[in-house]
Protein chains: 2
Amino acid sequence: MDAGQIDQVRRFNRTVTERVGALHDHFLGRDRPIGEARLLWEIGEAGQEVRQLRERLGLDSGYISRLLRSLTDAGLVAVEPEPGDRRVRTVRLTEAGRAERTMLDDRSDELAGSLLRPLNAAQRARLVDAMGEVDRLLTAATVTLAAVDPDHADARHCLRSYFTELQERFEAGFDPARSLLPDAGELRPPYGLFLVARLHGEPVGCAGLKLPPGAPAEIKRMWVAPDARRLGLGRRFLSELEERAVRHGRDVLRLDTNKTLNAAKGLYEACGFREVPAFNDEPYAHHWFEKRIGRPPA
Amino acid sequence: MDAGQIDQVRRFNRTVTERVGALHDHFLGRDRPIGEARLLWEIGEAGQEVRQLRERLGLDSGYISRLLRSLTDAGLVAVEPEPGDRRVRTVRLTEAGRAERTMLDDRSDELAGSLLRPLNAAQRARLVDAMGEVDRLLTAATVTLAAVDPDHADARHCLRSYFTELQERFEAGFDPARSLLPDAGELRPPYGLFLVARLHGEPVGCAGLKLPPGAPAEIKRMWVAPDARRLGLGRRFLSELEERAVRHGRDVLRLDTNKTLNAAKGLYEACGFREVPAFNDEPYAHHWFEKRIGRPPA
DNA sequence: AGGATTCTCTGACTATGGTCAGAGAATGGA
DNA sequence: TCCATTCTCTGACCATAGTCAGAGAATCCT
């Protein structure tokens with residue numbers, strides 16, 4: 001890694017922990033310990049199970065119990081046993097808690113404003129752009145890819161979202177029954193595999209790879225959650241799948257796509273795929289792509 | 001302020017405090033309380049007076065005293081009375097302290113590396129660029145301008161640096177005696193004023209304004225420290241001085257500049273100055289500029 | 001039914017970060 | 001010379017954040 005880059009990152013870290021980090025705690029914890037403030041924030045409008053909170057914030061169960069007690073005593077939250085499983089307890093914000101949370105929200109706005117205020121309009125615009133870029137790339141760096149069974153809860157979640165989205169975007173809607181859908185067996189070893197991308201533990205994308213014996217590998221059901229777009233995740237899926245296809249001895253990688261997914265088309269081309277005649281009769285496909293893989297192009 | 005901007009800043013704050021802030025403390029304070037680590041870091045190679053440290057870190061004198069004691073006991077620093085004023089004490093790193101600080105330095109590199117590592121080369125380059133931009137603009141937002149007497153220590157520091165730099169950059173060197181230098185009286189009320197820019201309390205730039213009775217206002221001795229360039233500070237000086245000249249009833253603002261300072265020339269033009277014939281016979285000037293101020297151009 | 005497991009809570013404890021009110025030494029100013 | 005000021009240190013506090021080892025209740029599994 002380039003020393004100049006490291007240096008720039010270090011300067012960034014320093015500036016940002018001084019200007020943002022310090023202020024952040026200061027604003028957030030103005031009249032309440034910041035542990036409590038963070039917890040209050042994390043509970044959210046909808047309420048949460050205690051164990052989820054513990055997981056998410058990475059806190060000791062004794063500690064969180066005490067924090068909740070203190071918030072309960074202050075009348076900000078109510079803790080009740082979950083009807084289904086009475087060992088589990090759920091936390092909800094009370095009216096007062098909601099008000100308090102709104103105040104935290106306002107403070108967060110205030111902090112953001114205080115960073116922008118000293119700048120002129122042009123500088124503000126540039127700062128906000130650059131922050132967006134940093135935000136996106138740091139987030140991109142925390143996304144993990146993992147191979148899972150297509151029946152895994154996270155996989156199913158992604159597939160459901162994928163189908164819903166196709167339905168909305170295709171002019172004539174999308175009926176899974178009419179499409180050449182691989183059944184789950186085709187996307188699990190040894191006939192294929194299925195990748196899920198996760199961000200902070202939540203599934204945010206998927207991609208399947210068919211590895212039919214003695215035939216080209218084929219990418220199916222690649223999807224990225226709207227929130228996780230612009231993170232280079234599509235590109236990452238493609239290169240990960242390509243690598244795995246090579247590892248399984250394939251030298252051609254194929255995929256088909258619908259014309260309404262034009263961003264995808266650009267991606268495939270940028271990643272070295274070229275358009276080829278239809279190699280299947282998927283009714284929903286308008287474009288077919290292929291890439292020779294496994295050794296540098298001659 | 002634009003709500004979309006506020007939102008982006010908030011997302012940035014969140015991502016960055018999670019990814020950078022948390023890791024930062026984790027890396028820094030691995031085997032030493034982070035208060036001590038920060039102090040050790042801030043002492044620096046050269047040593048510091050205790051009161052400076054207190055000022056800089058904003059800590060209670062009792063607290064810092066205890067921290068220093070603990071570092072002394074660990075053999076990392078030595079505290080001695082300042083020979084000149086034996087109430088003041090200075091801290092230096094011992095050999096072991098220097099080693100410890102080097103380790104902190106390495107960790108900081110490690111942290112920076114851990115942010116870049118998951119990204120590909122193109123993403124890294126973009127992240128580093130964006131971080132540079134954020135860093136610059138956040139820093140720019142913390143610079144303050146203040147009017148001071150030209151004899152103030154900070155003002156003199158800036159002027160010394162300014163002259164040194166001219167000497168280096170002008171082809172034929174720079175001899176203050178030959179130049180049409182305003183004497184200090186011309187840059188203090190009521191005949192003028194002198195601004196100093198400060199970053200974290202350190203002077204990083206200056207600019208003088210002559211306000212000769214019944215004549216156009218004139219900018220003199222504008223300088224920005226090399227470390228503080230690219231922060232839009234020149235532009236800020238110009239608009240601050242313009243505003244003050246208007247407040248003093250002037251409707252024309254003038255300045256002269258040397259041809260080797262070409263960045264400056266571009267700045268003046270971008271700020272609405274236009275080149276005019278020489279209005280003085282400053283031997284070191286090659287270009288003269290003027291701007292009508294105080295009301296929108298007709 | 002009964003033991004293992006899961007989930008939360010309690011009590012006891014620790015370290016860190018920090019504040020506050022002087023005390024004591026050195027210095028500066030009248 | 002003496003009083004006020006500056007600077008550091010000490011002792012006595014305090015709150016927050018967190019850990020650890022059970023205990024008790026509910027549930028799951030066989």
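Chain letters run A, B, ... following the sequence lines, proteins first, then strands; residues in each count from 1.
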Quiz item: Can B:Asp105 and A:Arg10 be counted as an ion pair, charged N to O under 4.0 angstrom?
Solution: yes
Quiz item: Within this structure, what is the CD-to-P distance between A:Glu49 and D:dA26, rounded to whole angstrom?
Solution: 17 Å
Quiz prompt | Options D:dT10, C:dC9, D:dT8, nucleotide nearest the side-chain atoms of A:Ser65 | solution = C:dC9
Exercise. Just compare C:dT10, C:dG18, D:dT10 and give me whichever is closest to any side-chain atom of B:Arg69.
Key: D:dT10
Quiz item: Is A:Glu110 salt-bridged to A:Arg107, cutoff N-O under 4.0 Å?
Solution: no
Exercise. Round to the nearest Å and state the distance from A:Ile34 atom CD1 to D:dA15 atom C1'.
Key: 14 Å
Practice problem: In whole angstrom, give the distance that lies between atom CD of B:Gln48 and atom P of D:dT8. | Solution: 12 Å
Quiz item: Counting side-chain heavy atoms from CB outward, which of D:dT8, C:dT10, C:dT8 is closest to A:Val50?
Solution: C:dT8
Quiz item: Starting at OH of A:Tyr63 and ending at P of C:dT14, how long is that distance when rounded to a whole Å?
Solution: 18 Å
Quiz item: Can you check whether A:Gly75's main-chain N or O pairs, donor with acceptor, with A:Thr94's side chain at less than 3.5 Å?
Solution: yes
Exercise. Look up atom CD in A:Glu55 and atom CD in A:Gln52, then write down how far apart they are to the nearest 0.5 Å.
Key: 9.0 Å
Quiz item: Rounding to a whole Å, what distance do you find between A:Glu82:CD and C:dT8:C1'?
Solution: 14 Å
Quiz item: Would you say B:Arg86 reaches D:dC7's phosphate, i.e. side-chain N/O to OP1/OP2 under 4.0 Å?
Solution: no
Exercise. Rounded to the nearest angstrom, tell me the gap between atom CZ in A:Arg54 and atom P in D:dG18.
Key: 15 Å
Practice problem: In whole angstrom, give the distance that lies between atom CG of B:Asp60 and atom C1' of D:dG11. | Solution: 13 Å
Quiz prompt | Closest-nucleotide 5' rank along DNA chain D - winner of B:Gln52 and A:Gly62 | solution = B:Gln52
Quiz item: With a non-hydrogen cut-off below 4.0 angstrom, is A:Ile64 in contact with a base, only sugar-phosphate, or nothing?
Solution: nothing
Quiz prompt | side-chain N/O A:Arg87 vs C:dC7 OP1/OP2, d < 4.0 Å | solution = no
Quiz prompt | Rounded distance in Å - CD (A:Glu55) to P (C:dC7) | solution = 11 Å
Quiz item: Between the base of C:dC7 and the side chain of A:Ser61, is there a donor-acceptor distance below 3.5 Å?
Solution: no
Quiz prompt | Base C:dG11 paired with A:Arg66 side chain (donor-acceptor, <3.5 Å) | solution = yes
Exercise. Select base, sugar-phosphate, or nothing to describe what B:Asp85 touches, counting heavy atoms under 4.0 Å on all strands.
Key: sugar-phosphate
Quiz item: Base, sugar-phosphate, or nothing for A:Gly84, non-hydrogen atoms under 4.0 angstrom?
Solution: sugar-phosphate
Quiz item: Between atom OG1 of B:Thr139 and atom CZ of B:Arg230, what is the distance when rounded to the nearest 0.5 Å?
Solution: 12.0 Å
